[in-house]
**Student:** 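Here's a structure for you.
As a basis for the values below, the full set of heavy atoms in this structure was taken, side chains included, without hydrogen atoms, waters or symmetry mates. Position 1 is the first residue of the sequence, and the numbers go up from there. In each ligand, atom 1 is the first atom listed, and ligand 1 is the first ligand listed.
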Amino acid sequence: MEKYWIDTHCHMNDETYRDNLDEYMQRAWDFGVHKNVFICMNRADLEYTFELQKKYPYIDIAYGYHPEDVDKISEDDLKYMEEIIRDERIIAIGEIGLDYYWDKTYKQEQKQLFVRQIEMANKVSKPILIHSRSAAQDTYDILKQNAKTKVLMHCFGESAEMMREYLKLGYYIAFGGVVTFKNAKAPKENATNVPLDRLMLETDCPYMTPVPFRGKTNETAYVKYVGEFIAEIRNIPTDELQLQLMENYRRFFSEKN
Ligand SMILES: [Zn+2]
């Protein structure tokens with residue numbers, strides 16, 4: 001059986017990569033990264049990514065409105081989303097969630113947008129990919145109350161206690177380049193302790209570049225470094241980890257609740 005790495009959250013549809021995308025996708029393939037979830041945050045992203053998928057059929061697509069865009073999202077955008085997420089090329093809803101890190105002005109609006117998108121996901125029975133920053137308790141409360149499909153906590157940066165609470169709800173936990181940073185004590189501990197059957201990996205590129213490329217632009221190929229790092233801290237062979245992550249991916253995205 002072919003073993004490979006999966007990047008469960010990337011923004012390779014970002015402007016950053018547009019001129020040299022073939023080169024980036026080739027490098028990812030050469031690094032053994034043979035599945036990438038492209039996060040689409042607006043209609044233009046999505047249309048571009050649908051086109052890309054014709055060329056790279058192994059990429060998967062998620063669609064959702066990011067909390068930091070809350071003041072730009074119109075009723076029309078929501079109507080568009082409601083329709084388009086029925087499309088079978090869209091395998092998940094996200095990234096959606098709450099972000100109070102830079103701006104708390106739209107807290108109420110963020111919560112409304114979050115709940116509304118969870119309800120849409122419930123309707124089409126598709127899993128949701130969660131962005132949560134400086135909003136741990138509100139994220140937890142809203143998810144617990146509203147989510148009826150599978151849930152993946154993207155780029156998990158909260159405490160061990162919060163992780164335990166999410167695991168109790170059956171959620172999955174994804175880690176990215178941050179775990180490789182020297183000072184990232186909590187993410188490292190969480191990545192070591194999360195049950196193997198609930199673990200996922202991601203790059204969130206162009207952000208969060210892992211060691212040994214920290215400080216440079218991130219790209220989807222580098223999920224390999226995140227994987228190798230986690231295999232090492234958990235003391236398991238990399239190919240065993242790959243098989244487990246492939247199985248998690250299948251279970252999360254393909255099996256109905
Ligand atoms: Zn993202």
**Student:** Please enumerate all residues that pass salt bridge (Lys or Arg N to Asp or Glu O under 4.0 Å) together with R43, with sequence neighbours excluded.
**Tutor:**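 Expected list: E47.
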**Student:** Below the 2.8 Å mark, what number of protein N, O or S atoms do you get around the Zn ion (ligand 1)?
**Tutor:**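 Counting protein N, O and S atoms closer than 2.8 Å to the Zn ion (ligand 1) gives 4.
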**Student:** Go through the steps for D77 and K72 under the test salt bridge (charged side-chain N to carboxylate O under 4.0 Å, His left out), then give the verdict.
**Tutor:** CA-CA 9 Å; D77 292 323; K72 291 181 239 150; over 6 Å; no
**Student:** Looking at Y56, I want to see if its OH is surrounded by more than 12 non-hydrogen atoms of other residues, nucleotides or ligands under 6.0 Å.
**Tutor:**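 Result for OH/Y56: enclosed.
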**Student:** Quick check, are the ring centers of H34 and W29 under 6.0 angstrom apart?
**Tutor:**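 So the answer is yes for these two rings.
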**Student:** Any salt bridge (charged side-chain N to carboxylate O under 4.0 Å, His left out) pairs touching residues 165-177, not counting sequence neighbours?
**Tutor:**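 Sorted pair list: E165-K168.
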**Student:** Run the salt bridge (Lys or Arg N to Asp or Glu O under 4.0 Å) test against E82 and tell me which residues pass, sequence neighbours left out.
**Tutor:**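 Expected list: K123.
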